[in-house]
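Inspection log for the structure reproduced underneath, given as structure tokens.
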Protein chains: 2
Amino acid sequence: MNESPRRKELTRLAAQLFVQEGFDRTTVRMLAQEMGIKSGSLFHHFKDKQEILAAVIEEGTHNALVIARRSIEQCPAEPEARLRAMARAHLETLFADRNAHVVALFEWRRLDPAASAHLSHLRDAYEALWVEVIDGALQAGLIHGDRFLVSRFILGALNWTVRWYDPNGSRTPDDLADELVGMIMAR
Amino acid sequence: MNESPRRKELTRLAAQLFVQEGFDRTTVRMLAQEMGIKSGSLFHHFKDKQEILAAVIEEGTHNALVIARRSIEQCPAEPEARLRAMARAHLETLFADRNAHVVALFEWRRLDPAASAHLSHLRDAYEALWVEVIDGALQAGLIHGDRFLVSRFILGALNWTVRWYDPNGSRTPDDLADELVGMIMAR
DNA sequence: GTCTATAACTTGATAGAC
DNA sequence: GTCTATCAAGTTATAGAC
């Protein structure tokens, strides 16, 4: 993979537009303008528009995986702390980090089959990490339910925050994460 | 509002395509073909593409509201039954009913400001119904947390099922609803 | 690495006949 | 209510100069 600093910078700008407008409504002209170049020059860095999307989604998923791993390594080994750390990490990559993870979650369907197949191992690794942490919480009796469904519900609740959460409001992403974990914990 | 049977039928078909392809990628030619007419004829029924989206979203949100109201009227008045009924109704409109509610949830942002303003009362009424039911569950000590956040998390978990749930699998939408309610209930 | 210019095509929408 | 024919504008992507 091409990993020039220039390309990384352009990928970051693309992620921002993809979140604001959606992939389909974002034109190469809009991308070029945001990057301060003309639309023709874009294709020196990316083969086509699809490749820009793939680059954004790869970065977003990779970031999420790295940050989540780091978070659970650095936190106490208790199931509750690990669950909280995962939820916090997820919202951190969604709101505090760049927008790439949001694009990965909401525009995955727009990837062509080849790119999707190539990147699915990253997504699978991230979801496996979640299931692992949730398994720990289940075995500790902290939460209850089916491991698969619990993961899906928690991730759904977290992902949907993109649609309503206002980062300029009074609550921090960490507050949200803690509230969600509190909601599902047996008392 | 124009409510001819023909227009209703076309709206139903549009909803299906909007779910499959997304609003932006669905062209008026695709819509026309699905409806068995030519693209020019479409504009006899709808002023423009935006109006088709507005019609779909209005129907989807209206349906969701009607079905949810009926569900909690017909179920026992206990907080747990009502919560369960709301979750089941939500997934019913998402999967068993037509696709219009899915479009309402995932393509709301594509509405122009005028249409969004005109339809927001429907969405607000639906969300108010949720908050009402959740308030009951909170007061009964069935669940715990902030009423606003709990509503958002539950709706997020339910909405995101669209992205992973396979209606042809072994679980029914009702199973999902019950599992979700079970997950958040204090024991 | 960026520019200009443009090819090749698709888009939403209209006009007028039937 | 549907058709055909078509328009104007916008789309992705390419070619070759600098």
Side-chain angles (χ1 to χ4, degrees), chain A residues 1-59 103 107-116, chain B residues 1-59 103 107-116:
Chain A
M1 276 288 135
N2 180 354
E3 288 280 333
S4 74
R6 181 75 175 128
R7 184 175 152 123
K8 259 213 135 183
E9 163 78 358
L10 298 180
T11 302
R12 218 196 83 249
L13 291 167
Q16 194 186 330
L17 268 177
F18 288 166
V19 169
Q20 272 172 36
E21 301 290 328
F23 174 70
D24 292 320
R25 290 167 75 97
T26 304
T27 69
V28 294
R29 285 173 177 80
M30 293 163 68
L31 288 164
Q33 184 167 34
E34 192 79 6
M35 297 164 178
I37 56 180
K38 300 294 180 179
S39 68
S41 311
L42 236 179
F43 296 94
H44 176 77
H45 302 279
F46 302 93
K47 175 175 141 282
D48 54 21
K49 198 186 166 192
Q50 260 291 318
E51 196 176 278
I52 307 180
L53 178 63
V56 171
I57 290 187
E58 175 163 24
E59 206 219 302
V103 177
E107 307 283 2
W108 188 281
R109 293 194 312 160
R110 302 291 163 234
L111 285 173
D112 63 36
S116 176
Chain B
M1 276 288 136
N2 181 351
E3 287 280 333
S4 74
R6 183 76 175 126
R7 184 175 152 124
K8 258 213 137 184
E9 163 78 358
L10 299 180
T11 303
R12 217 197 84 247
L13 291 167
Q16 192 185 331
L17 267 178
F18 288 165
V19 169
Q20 272 173 36
E21 301 290 327
F23 173 70
D24 292 320
R25 290 168 74 98
T26 303
T27 68
V28 294
R29 284 169 179 78
M30 293 163 67
L31 288 164
Q33 183 167 33
E34 193 80 5
M35 297 165 180
I37 55 179
K38 301 294 179 180
S39 69
S41 311
L42 236 179
F43 296 94
H44 176 76
H45 302 278
F46 301 93
K47 176 174 141 281
D48 54 20
K49 199 186 165 193
Q50 260 292 316
E51 196 178 277
I52 308 180
L53 178 64
V56 171
I57 291 187
E58 175 163 23
E59 205 218 303
V103 177
E107 307 284 3
W108 188 281
R109 293 193 315 160
R110 301 294 163 231
L111 285 173
D112 63 36
S116 175

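Everything numeric here is computed off the predicted structure, so don't read it as measured data. Labels below follow one simple rule: chain letters A, B, ... track the order of the sequence lines, proteins then strands, and each chain is numbered from 1.
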Going by atom type alone, with no hydrogens or angles, which donor-acceptor pairs under 3.5 Å involve a side-chain atom of residues 37-48 of chain A and a protein atom two or more places apart or on another chain?
residue : atom : partner : partner atom : Å
A:Asp48 : OD1  : A:Gln50 : N            : 3.4
A:Asp48 : OD1  : A:Glu51 : N            : 3.0

Per-helix bend value, the helix from C:dG1-D:dC18 to C:dC18-D:dG1, C1' rotation axes over five pairs per end, 10° rounding, shows 10°
Identify each atom pair where a protein N or O and an N or O of nucleotides 6-12 of chain C are less than 3.5 Å apart, giving names and distance.
residue : atom : partner : partner atom : Å
C:dG12  : OP1  : B:Lys49 : NZ           : 3.1
C:dG12  : OP2  : B:Val28 : N            : 2.9
C:dG12  : N7   : B:Arg29 : NH1          : 3.2
C:dG12  : O6   : B:Arg29 : NH2          : 3.2

Applying side-chain hydrogen bond (donor to acceptor under 3.5 Å, both in side chains) to A:Thr27 and not counting sequence neighbours gives none
Would you say B:Trp108 and B:Leu111 make side-chain contact, with heavy atoms under 4.5 Å?
yes
In the 5' to 3' direction, the nucleotides of DNA chain D bounding the stretch that comes under 4.0 Å of a heavy atom in chain B are D:dG1 to D:dT4
Here the pair of heavy atoms bringing B:Ala115 nearest to B:Asp112 is N-OD1, 2.9 Å
Pairs of donor and acceptor atoms involving the side chains of residues 10-20 of chain B, under 3.5 Å and at least two apart or interchain, shall be tabulated with distances.
residue : atom : partner : partner atom : Å
B:Thr11 : OG1  : B:Arg7  : O            : 2.7
B:Arg12 : NH1  : B:Glu9  : OE1          : 2.9

So salt bridge (charged side-chain N to carboxylate O under 4.0 Å, His left out) across residues 17-34 of chain B, not counting sequence neighbours, yields A:Asp24-B:Arg25, A:Arg25-B:Asp24, B:Asp24-B:Arg110
The side-chain hydrogen bond (donor to acceptor under 3.5 Å, both in side chains) partners of A:Glu59 (sequence neighbours excluded) come to A:Asn63
